[in-house]
Amino acid sequence: ASLKKVAPPGALGALAGAALLSYTPAATARLLSATLLFGLGAIVALRFYRIAPRRAEAAGAPSATVLRLIGLLGGFVDSTGGGGW
């Protein structure tokens, strides 16, 4: 059930990210990708070392709106950050 809510917005996000990169000059695209990946790496490192504040655990499953936003943002980040395997 969750996959049906995440997949379509994820595909749209990936399409938007790929379109953005295809119309962006290479130097700007490199800077965008590097900034995005550095930021994600910093978040992972901060959470690993517990520097970032911990959030309270959410009760229950995320709403359909949250799942759609996660899919949209995830698809965009995947395509602009290198995408694929």
Side-chain angles (χ1 to χ4, degrees):
S2 295
L3 181 62
K4 290 180 182 179
K5 294 175 187 164
V6 174
L12 289 175
L15 180 66
L20 174 74
L21 285 180
S22 68
Y23 290 108
T24 304
T28 306
R30 269 190 235 107
L31 180 61
L32 174 68
S33 294
T35 303
L36 179 67
L37 294 174
F38 180 80
L40 290 173
I43 290 170
V44 169
L46 291 173
R47 291 185 70 181
F48 177 77
Y49 291 112
R50 298 177 194 236
I51 296 170
R54 290 187 158 232
R55 288 188 245 151
E57 293 293 322
S63 69
T65 302
V66 170
L67 288 174
R68 288 182 184 110
L69 288 173
I70 289 171
L72 185 68
L73 183 63
F76 183 84
V77 168
D78 183 48
S79 66
T80 56
W85 300 58

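Listed by chain and number, the residues in a side chain to side chain contact (heavy atoms under 4.5 Å, CB included) with S22 amount to none (sequence neighbours excluded). With sequence neighbours excluded, no residue satisfies side chain to side chain contact (heavy atoms under 4.5 Å, CB included) with A18. Scanning for side chain to side chain contact (heavy atoms under 4.5 Å, CB included) contacts around T35 gives L31, with sequence neighbours left out.
By the rule that hydrophobic residues join a cluster once side-chain heavy atoms approach within less than 4.5 Å of another member, L73 and L40 end up as members of one cluster. One hydrophobic cluster holds both L21 and F76 under the rule that ILVMFWY side chains link at heavy-atom gaps under 4.5 Å.
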T24/L32 under side-chain contact (heavy atoms from CB on, under 4.5 Å): CA gap, chis, key distance, verdict
CA-CA 10 Å; T24 304; L32 174 68; 5.8 Å; no

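Rounding to the nearest 0.5 Å places CG of L69 at 13.0 Å from NZ of K5. Here L20 contributes atom CG and L15 contributes atom CG; the two are 11.0 Å apart, rounded to the nearest 0.5 Å.
G17 approaches S79 most closely through the heavy-atom pair CA-OG, 3.2 Å.
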